[in-house]
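Working notes for the structure below.
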There are 2 protein chains.
Amino acid sequence: MVAGPQNVRRMPRAQRREQILDAATRAFARTGYVATGLDGVAAEAEVTLVLLYRHFDSKADLYRAVLDRACARLEATVGSGDYDEGSISALLRAAAEDPDGFRLLFRHAVREPDFRDVVNGMQAMSAEVTRRELAAVIPEGPWLDWAVQYVPTVTLEAVIAWLDAGQPDPDQAADRIALVVHSAIRAANGVD
Amino acid sequence: MVAGPQNVRRMPRAQRREQILDAATRAFARTGYVATGLDGVAAEAEVTLVLLYRHFDSKADLYRAVLDRACARLEATVGSGDYDEGSISALLRAAAEDPDGFRLLFRHAVREPDFRDVVNGMQAMSAEVTRRELAAVIPEGPWLDWAVQYVPTVTLEAVIAWLDAGQPDPDQAADRIALVVHSAIRAANGVD
DNA sequence: CAGCTTGTATAAGTTGACTTAAACAACGCT
DNA sequence: AGCGTTGTTTAAGTCAACTTATACAAGCTG
């Protein structure tokens with residue numbers, strides 16, 4: 001005999017899916033793809049493991065859905081426009097709207113070979129775009145390579161640190177981060 | 001009947017151990033602890049899986065040994081001194097001497113809950129020290145928190161990017177990185 | 001050469017995580 | 001009332017990775 005559950009929270013399918021995606025984003029944001037168990041995700045979503053499989057075919061499928069949604073949200077806020085002054089401020093807004101998704105994308109997904117492609121699906125902050133922008137300012141050579149890798153990192157880590165610091169004063173934040181970014185570009189051009 | 005191996009590379013135990021640690025450092029540096037299989041490590045070391053177990057009790061044991069050695073090397077070069085001008089240059093030297101170990105420590109180990117303690121065993125670049133240094137320059141508040149997290153990251157990522165760019169001109173590099181770090185500290189104090 | 005050490009090959013045991021299956025309960029709509 | 005949907009519980013299947021065991025080959029050293 002099977003004990004019947006007493007307080008089952010029912011939900012329209014689409015809404016439940018969103019809730020699971022929310023929980024999964026939080027869970028994966030903590031420890032990344034490999035180290036996060038579906039048990040943990042289910043617990044975070046306050047839902048049975050089996051139900052996960054009624055919504056997603058596999059762990060990889062779920063993860064891709066999470067990543068895709070985070071990307072979509074990011075692009076919706078930040079656009080794929082070039083790297084002008086407003087970009088940083090847009091990035092801050094996007095990060096504030098979906099902190100877990102943001103952290104997941106740029107702290108974990110970028111270093112997971114099987115899923116890096118999803119992140120690179122966005123041109124924003126991608127090395128390709130960055131190189132084009134920086135190549136106009138920095139002479140060819142190892143320091144251009146350095147900047148191409150370093151500038152996006154500096155930007156994104158600044159945003160993440162800003163999230164962790166409690167998101168103080170977005171406008172000021174944009175200016176301050178821009179300061180550091182410009183200083184990184186100046187550094188690539190030489191200090192002298 | 002068991003086919004006998006033909007060209008067995010023999011080695012004194014201590015030396016073999018070092019070679020395994022070298023290989024393991026490379027392997028783990030690529031994909032971190034969980035995603036790296038002992039098969040992969042054994043292959044990288046050109047050695048049998050069984051031999052790994054003759055040198056290390058378990059995967060965790062091996063990983064700790066790798067981390068400990070990387071830490072020891074780092075501390076030997078960089079010392080646990082305060083954060084003066086020469087620190088960055090020492091960091092560059094350390095990174096150049098053991099690039100894989102450096103990447104492993106600061107790209108993976110720091111985000112692996114079970115092993116973070118090993119990295120924190122060093123005071124160098126640790127948040128504790130950094131806070132003390134920065135608290136003297138930045139007023140209490142969220143932007144101090146921001147800087148405490150961000151400044152070490154900016155420094156370490158600059159070094160890693162420098163490694164990836166082919167380690168151009170160490171002296172110049174130190175100056176350029178110092179520029180960015182100072183700019184980050186200035187940013188935390190306000191742009192105005 | 002006898003024995004300890006270093007090494008390989010092969011096989012089997014163990015475990016945890018992903019995955020699928022089956023049966024049952026309750027809500028809501030027609 | 002009947003039926004599909006949403007959900008739970010419980011159990012079992014699968015598979016990869018870690019781990020241990022056994023047997024054998026070959027160098028080094030007293």
Side-chain angles (χ1 to χ4, degrees), chain A residues 1-24 26-28 30-67 108 112-115, chain B residues 1-24 26-28 30-67 108 112-115:
Chain A
M1 168 217 174
V2 177
Q6 305 166 342
N7 250 348
V8 186
R9 285 246 191 288
R10 283 176 69 90
M11 244 180 227
R13 185 170 174 81
Q15 179 180 342
R16 177 67 82 187
R17 186 189 157 92
E18 287 305 301
Q19 180 207 312
I20 293 178
L21 286 177
D22 288 342
R26 281 193 301 276
F28 284 127
R30 276 197 290 275
T31 43
Y33 180 72
V34 214
T36 305
L38 287 183
D39 283 352
V41 175
E44 179 82 37
E46 293 173 308
V47 141
T48 321
L49 179 61
V50 178
L51 191 63
L52 286 190
Y53 281 98
R54 294 253 247 266
H55 285 266
F56 303 93
D57 287 338
S58 67
K59 188 186 182 184
D61 183 38
L62 168 60
Y63 195 58
R64 259 178 207 287
V66 167
L67 258 37
H108 293 106
E112 288 157 351
D114 298 353
F115 300 99
Chain B
M1 169 220 175
V2 176
Q6 306 165 342
N7 250 347
V8 185
R9 286 246 190 287
R10 283 177 70 92
M11 242 179 232
R13 182 170 176 82
Q15 179 180 344
R16 177 67 84 185
R17 186 189 156 93
E18 287 305 302
Q19 179 206 313
I20 292 178
L21 286 176
D22 288 341
R26 282 193 301 276
F28 284 128
R30 276 197 290 275
T31 44
Y33 181 71
V34 213
T36 305
L38 288 184
D39 282 352
V41 176
E44 179 81 36
E46 293 174 306
V47 140
T48 320
L49 179 60
V50 178
L51 191 63
L52 286 190
Y53 282 98
R54 292 252 249 269
H55 285 266
F56 303 94
D57 288 339
S58 65
K59 187 185 183 184
D61 183 38
L62 168 59
Y63 195 59
R64 258 177 208 288
V66 166
L67 258 37
H108 293 105
E112 288 158 350
D114 297 354
F115 301 99

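Numbered from 1 within each chain, the chains take letters A, B, ... in sequence-line order.
Applying the salt bridge (charged side-chain N to carboxylate O under 4.0 Å, His left out) criterion to B/Arg64, with sequence neighbours excluded, gives B/Asp117. With sequence neighbours excluded, the residues satisfying ring pair (Phe, Tyr, Trp, His ring centres under 6.0 Å) with A/Phe115 are A/Tyr33, A/Tyr63. In this view, B/Thr31 and B/Thr36 satisfy the side-chain hydrogen bond (donor to acceptor under 3.5 Å, both in side chains) rule, not counting sequence neighbours.
Scanning atom types as modelled, one donor and one acceptor separated by under 3.5 angstrom connect the side chain of B/Arg54 and the base of C/dG7.
Rounded to an integer number of Å, the gap from CG of A/Leu51 to P of C/dC24 is 20 Å. Atom pair A/Leu49:CG and D/dG7:P shows a separation of 15 Å (rounding to whole Å applied). Distance CZ (B/Arg16) to C1' (D/dG27): 13 Å, rounded to an integer number of Å. Straight-line distance from the CE atom of B/Met11 to the P atom of D/dC28: 13 Å, rounded to whole Å. Between the P atom of D/dT8 and the CG atom of A/Leu52 lies a distance of 10 Å, rounded to the nearest Å. Atom pair B/Arg9:CZ and D/dA25:C1' shows a separation of 17 Å (rounding to whole Å applied). Straight-line distance from the CZ atom of A/Phe56 to the C1' atom of C/dC18: 16 Å, rounded to whole Å. For the pair B/Tyr63 OH and D/dC18 C1', the computed distance is 17 Å after rounding to whole Å.
Checking the phosphate oxygens (OP1, OP2) of C/dG7, no side-chain nitrogen or oxygen of B/Thr48 falls inside 4.0 Å.
Counting only heavy atoms from C-beta on, A/Val50 has its side chain closest to D/dT9 among D/dT9, C/dG7, C/dT19.
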task: Test side-chain contact (heavy atoms from CB on, under 4.5 Å) on A/Phe56 and A/Leu21 and set out the steps.
output: CA-CA 10 Å; A/Phe56 303 93; A/Leu21 286 177; 3.7 Å; yes
| task | Evaluate salt bridge (Lys or Arg N to Asp or Glu O under 4.0 Å) for A/Arg13 paired with A/Glu18, printing each intermediate quantity in order. | result | CA-CA 9 Å; A/Arg13 185 170 174 81; A/Glu18 287 305 301; over 6 Å; no
- request: May I have the step-by-step check of side-chain contact (heavy atoms from CB on, under 4.5 Å) for A/Tyr53 and A/Leu38, ending in yes or no?
  value: CA-CA 10 Å; A/Tyr53 281 98; A/Leu38 287 183; 3.2 Å; yes
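Between the side chain of A/Ser58 and the main chain of A/Asp61, a donor-acceptor pair closer than 3.5 Å is present. Panel note: side chain A/Gln19, backbone A/Ala45; a donor-acceptor pair is recorded below 3.5 Å.
Fit an axis to the five pairs at each end of the helix from C/dC1-D/dG30 to C/dT30-D/dA1 and the two axes sit 0° apart, to the nearest 10 degrees.
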Please write out the pairs of protein N or O atoms and N or O atoms of nucleotides 1-5 of chain C separated by less than 3.5 Å, giving the distance to one decimal.
unit_1	atom_1	unit_2	atom_2	d
C/dT5	O2	B/Arg10	NH2	3.1

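The distance from the CZ atom of A/Arg16 to the CG atom of A/Leu51 is 6.0 Å, given to the nearest 0.5 Å.
Under the 4.5 Å side-chain criterion, counting only non-hydrogen atoms from C-beta, B/Leu49 is not in contact with B/Val41.
Only B/Thr36, B/Gly37, B/Leu38, listed by number, bring a heavy atom of residues 33-42 of chain B to less than 4.0 angstrom from any atom of DNA chain D.
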